[in-house]
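Just below is one structure, and these are the notes that go with it.
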Amino acid sequence: MELIERVGTGRYALPTRVDPARTDLVAEFEADPHAWHGDDLALLLGLLRTSTDVPRLVLLVNDPDGPWALAEAPARRGEPARPLPGAVFDSRADAERFAFRLRWAALGGDPTDTAEAAR
């Protein structure tokens, strides 16, 4: 059973906000967006990906090797996604990092935290 499946069992809970002091979580995600993440980052990702305070983001790709475009998911099923201007990436990891940065900043994290972690 994955960590996120244990949320609500009393052992784990999604955070209710971004803790800007947790730049270690930014660095962990930036290092490898597709790696197996620690519990704290997994819970933070649950918040970032499910919060109603930020638009739902999706990746659009026509070829398995990219490029990947970041878009806002439609409000209703069957409607087209709205691509974000200038958000086209050569790698899926770069697209995931960009989405993480947008969500982190939108939920109260300092956007400079993600820029520093990328170095």
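Only this structure's heavy atoms are used, side chains among them; waters, hydrogens and symmetry mates stay out. Residue numbers start at 1 and run along the sequence shown.
Looking at residues two or more places apart in sequence or on another chain, you find a side-chain contact (heavy atoms from CB on, under 4.5 Å) between Asp19 and Arg17, Ala21, Arg22.
Side-chain atoms of Leu48 and Val54, non-hydrogen and from C-beta on, never get closer than 4.5 Å to each other. Side-chain atoms of Phe29 and Leu44, non-hydrogen and from C-beta on, never get closer than 4.5 Å to each other.
Between Pro80 and Pro74, the closest heavy-atom pair is O-CB, 3.6 Å. Scanning both residues, Glu96 and Pro33, for their nearest heavy atoms gives CB-CB, 4.0 Å. Closest of all the heavy-atom pairs between Ala81 and Ala71 is CB-CB, 3.9 Å. Residue Gly108 comes nearest to Val18 through the heavy atom pair C-CG1, 4.4 Å, listed as atom of the first residue, atom of the second, then distance.
No donor-acceptor distance shorter than 3.5 angstrom exists from the side chain of Arg82 to the backbone of Glu72, with no hydrogens or angles considered. In terms of modelled atom types and a separation under 3.5 Å, the side chain of Glu28 and the main chain of Gly38 share a donor-acceptor contact.
The environment of CG in Asp90 is sparse: at most 12 heavy-atom neighbours from other residues, nucleotides or ligands sit within 6.0 Å. Residue Asn62 qualifies as open at atom CG: its count of foreign heavy atoms under 6.0 Å is 12 or below.
Alongside Phe89, the hydrophobic cluster contains Leu57, Leu59, Val61, Trp68, Leu70, Leu84, Phe98, Leu102 (criterion: ILVMFWY side chains under 4.5 Å).
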